[in-house]
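Heads up: the structure comes next, in C-alpha coordinates.
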Amino acid sequence: MTVIRPPRWERVLNAIVVGPLLIVVGGSVASVAFEPEASAKGFVFVLGSVFVALGVWCLVRARHVGVRLSEETLLYRGFMFSWSAPRAGITTVLDDAFVEWRDARGEEHRRQMWLLTQAREDDGTVFAPLWRWRREGLLQVRGWAGAPAVWDNPSRPQ
(Lines give C-alpha, C1' and ligand atoms only; values in the text may rest on other atoms or scores of the structure.)
Protein backbone atom coordinates (compact mmCIF):
# COMPACT_ATOMS: atom_id res chain seq x y z
CA MET A 1 0.00 0.00 0.00
CA THR A 2 1.27 3.45 -0.94
CA VAL A 3 0.30 6.47 1.14
CA ILE A 4 0.54 10.04 -0.16
CA ARG A 5 0.55 12.54 2.69
CA PRO A 6 1.53 16.15 3.17
CA PRO A 7 5.06 16.85 4.40
CA ARG A 8 5.53 16.57 8.15
CA TRP A 9 5.75 20.34 8.69
CA GLU A 10 2.36 20.80 7.01
CA ARG A 11 0.71 18.02 9.02
CA VAL A 12 2.06 19.47 12.27
CA LEU A 13 0.97 22.98 11.29
CA ASN A 14 -2.55 21.77 10.51
CA ALA A 15 -2.76 19.82 13.75
CA ILE A 16 -1.42 22.68 15.86
CA VAL A 17 -3.14 25.60 14.15
CA VAL A 18 -6.31 24.65 12.27
CA GLY A 19 -8.09 22.53 14.89
CA PRO A 20 -7.17 24.60 17.95
CA LEU A 21 -7.91 27.84 16.09
CA LEU A 22 -11.41 26.64 15.24
CA ILE A 23 -11.91 25.55 18.85
CA VAL A 24 -10.76 28.92 20.24
CA VAL A 25 -12.90 30.89 17.75
CA GLY A 26 -15.89 28.67 18.50
CA GLY A 27 -15.42 29.06 22.23
CA SER A 28 -15.16 32.83 21.86
CA VAL A 29 -18.29 33.02 19.74
CA ALA A 30 -20.22 30.72 22.08
CA SER A 31 -19.16 32.76 25.12
CA VAL A 32 -20.94 35.79 23.66
CA ALA A 33 -24.22 33.96 24.31
CA PHE A 34 -23.62 34.35 28.05
CA GLU A 35 -23.37 38.14 27.92
CA PRO A 36 -26.44 39.66 29.64
CA GLU A 37 -27.30 42.08 26.81
CA ALA A 38 -26.53 39.76 23.87
CA SER A 39 -29.23 39.12 21.31
CA ALA A 40 -29.77 35.85 19.47
CA LYS A 41 -28.10 33.95 22.28
CA GLY A 42 -29.25 30.57 21.02
CA PHE A 43 -27.96 31.17 17.50
CA VAL A 44 -24.61 32.47 18.69
CA PHE A 45 -24.18 29.52 21.06
CA VAL A 46 -25.04 26.99 18.33
CA LEU A 47 -22.70 28.72 15.87
CA GLY A 48 -19.86 28.65 18.38
CA SER A 49 -20.56 25.00 19.17
CA VAL A 50 -20.38 24.14 15.46
CA PHE A 51 -16.94 25.79 15.25
CA VAL A 52 -15.77 23.84 18.30
CA ALA A 53 -17.09 20.58 16.84
CA LEU A 54 -15.34 21.28 13.51
CA GLY A 55 -12.10 21.99 15.35
CA VAL A 56 -12.29 18.73 17.28
CA TRP A 57 -13.18 16.89 14.06
CA CYS A 58 -10.15 18.38 12.28
CA LEU A 59 -7.86 17.48 15.19
CA VAL A 60 -9.02 13.87 15.13
CA ARG A 61 -8.80 13.52 11.34
CA ALA A 62 -5.50 15.39 10.89
CA ARG A 63 -3.47 12.25 11.57
CA HIS A 64 -5.26 10.29 8.85
CA VAL A 65 -5.40 12.82 6.01
CA GLY A 66 -3.92 11.37 2.85
CA VAL A 67 -4.41 9.26 -0.26
CA ARG A 68 -3.98 5.51 0.13
CA LEU A 69 -3.34 3.41 -2.95
CA SER A 70 -3.87 -0.29 -2.34
CA GLU A 71 -3.86 -3.05 -4.94
CA GLU A 72 -7.53 -2.54 -5.81
CA THR A 73 -8.72 0.75 -4.27
CA LEU A 74 -7.92 4.43 -4.02
CA LEU A 75 -8.96 5.68 -0.58
CA TYR A 76 -9.01 9.43 -0.05
CA ARG A 77 -9.22 10.61 3.56
CA GLY A 78 -9.64 14.36 3.92
CA PHE A 79 -10.26 16.64 6.86
CA MET A 80 -14.02 16.52 6.41
CA PHE A 81 -14.89 13.62 4.08
CA SER A 82 -13.50 10.33 2.86
CA TRP A 83 -14.28 8.37 -0.29
CA SER A 84 -12.93 5.47 -2.28
CA ALA A 85 -12.74 4.46 -5.94
CA PRO A 86 -11.95 1.08 -7.48
CA ARG A 87 -8.67 1.03 -9.38
CA ALA A 88 -10.18 -0.79 -12.33
CA GLY A 89 -12.99 1.76 -12.64
CA ILE A 90 -10.86 4.93 -12.68
CA THR A 91 -11.06 6.52 -16.11
CA THR A 92 -9.42 9.90 -15.61
CA VAL A 93 -7.25 11.80 -13.13
CA LEU A 94 -7.43 15.48 -14.01
CA ASP A 95 -4.81 18.13 -13.27
CA ASP A 96 -7.20 19.88 -10.88
CA ALA A 97 -7.14 16.69 -8.75
CA PHE A 98 -10.55 15.39 -9.83
CA VAL A 99 -10.83 11.62 -10.19
CA GLU A 100 -13.49 10.17 -12.47
CA TRP A 101 -14.54 6.52 -12.28
CA ARG A 102 -17.32 4.04 -12.90
CA ASP A 103 -18.51 1.81 -10.10
CA ALA A 104 -19.62 -1.83 -10.38
CA ARG A 105 -23.14 -0.75 -11.38
CA GLY A 106 -21.79 1.40 -14.22
CA GLU A 107 -22.59 4.72 -12.55
CA GLU A 108 -20.13 7.54 -13.17
CA HIS A 109 -18.59 9.39 -10.23
CA ARG A 110 -16.34 12.42 -9.95
CA ARG A 111 -14.66 13.54 -6.75
CA GLN A 112 -11.81 15.87 -5.95
CA MET A 113 -8.76 15.04 -3.87
CA TRP A 114 -8.62 18.36 -2.01
CA LEU A 115 -5.25 17.44 -0.59
CA LEU A 116 -3.75 17.66 -4.09
CA THR A 117 -5.71 20.59 -5.55
CA GLN A 118 -2.77 22.97 -6.06
CA ALA A 119 -0.90 20.31 -7.97
CA ARG A 120 -0.76 22.24 -11.23
CA GLU A 121 0.52 25.48 -9.75
CA ASP A 122 4.28 25.68 -10.09
CA ASP A 123 5.12 29.25 -10.96
CA GLY A 124 8.80 28.92 -10.09
CA THR A 125 8.59 31.31 -7.16
CA VAL A 126 10.36 30.79 -3.87
CA PHE A 127 7.16 29.20 -2.50
CA ALA A 128 6.79 26.65 -5.31
CA PRO A 129 8.62 23.87 -3.40
CA LEU A 130 5.95 24.11 -0.71
CA TRP A 131 3.36 22.61 -3.06
CA ARG A 132 5.46 20.57 -5.52
CA TRP A 133 4.78 17.45 -3.46
CA ARG A 134 1.13 17.79 -4.54
CA ARG A 135 2.03 17.53 -8.22
CA GLU A 136 4.25 14.54 -7.51
CA GLY A 137 1.41 12.90 -5.57
CA LEU A 138 -1.09 13.58 -8.34
CA LEU A 139 1.23 12.07 -10.93
CA GLN A 140 1.71 9.06 -8.67
CA VAL A 141 -2.07 8.56 -8.44
CA ARG A 142 -2.38 8.95 -12.22
CA GLY A 143 0.36 6.39 -12.85
CA TRP A 144 -1.06 3.94 -10.29
CA ALA A 145 -4.51 4.14 -11.88
CA GLY A 146 -3.16 3.93 -15.42
CA ALA A 147 -5.41 6.87 -16.20
CA PRO A 148 -4.73 9.11 -19.16
CA ALA A 149 -3.14 12.50 -18.70
CA VAL A 150 -6.13 14.65 -19.54
CA TRP A 151 -5.67 18.40 -19.52
CA ASP A 152 -8.67 20.22 -18.07
CA ASN A 153 -7.48 23.64 -19.23
CA PRO A 154 -7.84 24.11 -23.00
CA SER A 155 -5.34 26.98 -23.03
CA ARG A 156 -2.52 24.69 -21.83
CA PRO A 157 -0.61 22.59 -24.33
CA GLN A 158 -1.01 18.83 -24.31
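The basis for the numbers below is simple: all heavy atoms, side chains too, and nothing from hydrogens, waters or symmetry mates. None of these values were measured; they are calculated from a predicted model. Sequential numbering from 1 along the given sequence is applied to the chain's residues.
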*Quick one: closest heavy-atom pair of P6 and V65, and the distance?*
CD-O, 4.1 Å
_To check you understand the geometry: which heavy-atom pair defines the closest contact between V52 and G27, and what is its length?_
CG2-N, 3.6 Å
*Taking all non-hydrogen atoms of both residues into account, name the closest pair between L115 and I4 and its distance.*
CD2-O, 3.9 Å
*asked:* Main chain of T117, side chain of Q112: is a donor-acceptor contact present, judged purely on distance under 3.5 Å?
replied: no
*Same apolar cluster: V17 and V56, side chain cutoff 4.5 Å*: no
_According to a hydrophobic-cluster definition based on side-chain heavy atoms being under 4.5 Å apart (Ile, Leu, Val, Met, Phe, Trp, Tyr only), do L74 and W114 belong together?_
yes
_Please check: side-chain N/O of R102 versus main-chain N/O of G89, any donor-acceptor pairing under 3.5 Å?_
no
*asked:* Enumerate the side chain to side chain donor-acceptor pair (under 3.5 Å) contacts for residues 26-45, please, sequence neighbours excluded, ordered by first and then second residue.
replied: none
_ring-ring contact (aromatic ring centres under 6.0 Å, His included) partners of residues 2-35, not counting sequence neighbours, each pair once_ = F34-F45
_For the CZ atom of R11 and the CD1 atom of I16, what is their distance to the nearest 0.5 Å?_
12.0 Å
_Pair R111-V99, side chain to side chain contact (heavy atoms under 4.5 Å, CB included): steps then yes or no_ = CA-CA 5 Å; R111 296 273 174 93; V99 177; 5.7 Å; no
*Can you measure from CZ (R5) to CZ (R63) and round to the nearest 0.5 angstrom?*
8.5 Å
*asked:* Taking CD in E72 as the centre, count heavy atoms belonging to other residues, nucleotides or ligands within less than 6.0 Å. Is the count above 12?
replied: no
*When clusters are formed by joining ILVMFWY residues with side-chain heavy atoms under 4.5 Å apart, either directly or through shared neighbours, do L54 and L59 land in the same one?*
no
*Looking at CG of D96 and CG of L138, how far apart are the two atoms once the value is rounded to the nearest 0.5 Å?*
9.0 Å
*Determine the minimum heavy-atom distance between V93 and R142, stating which atoms define it.*
O-NH2, 2.7 Å
_What's the separation between atom CG in L116 and atom CD in E136, rounded to the nearest 0.5 Å?_
11.0 Å
*Which atom of W133 lies closest to which atom of E10, heavy atoms considered*: NE1-OE1, 3.5 Å
*Determine the minimum heavy-atom distance between C58 and G19, stating which atoms define it.*
CB-CA, 4.4 Å
*Please answer whether the main-chain N or O of E100 pairs with a side-chain N or O of T92 as donor and acceptor at a distance below 3.5 Å.*
no
_According to side chain to side chain donor-acceptor pair (under 3.5 Å), does anything in residues 75-89 pair up with another residue at least two apart or in another chain? List the pairs._
R61-S82
*Report yes or no: do F51 and V24 belong to one cluster of Ile/Leu/Val/Met/Phe/Trp/Tyr joined by side chain heavy-atom distances under 4.5 Å?*
no
*May I ask whether V44 and V25 are part of the same hydrophobic cluster, defined by side-chain heavy atoms of I, L, V, M, F, W, Y residues being less than 4.5 angstrom apart, directly or through others?*
yes
*Count the heavy atoms belonging to other residues, nucleotides or ligands that lie under 6.0 Å from CZ of F79, then report whether that count exceeds 12.*
yes
*asked:* Can you tell me if R110 has over 12 outside heavy atoms packed within less than 6.0 Å of its CZ?
replied: yes
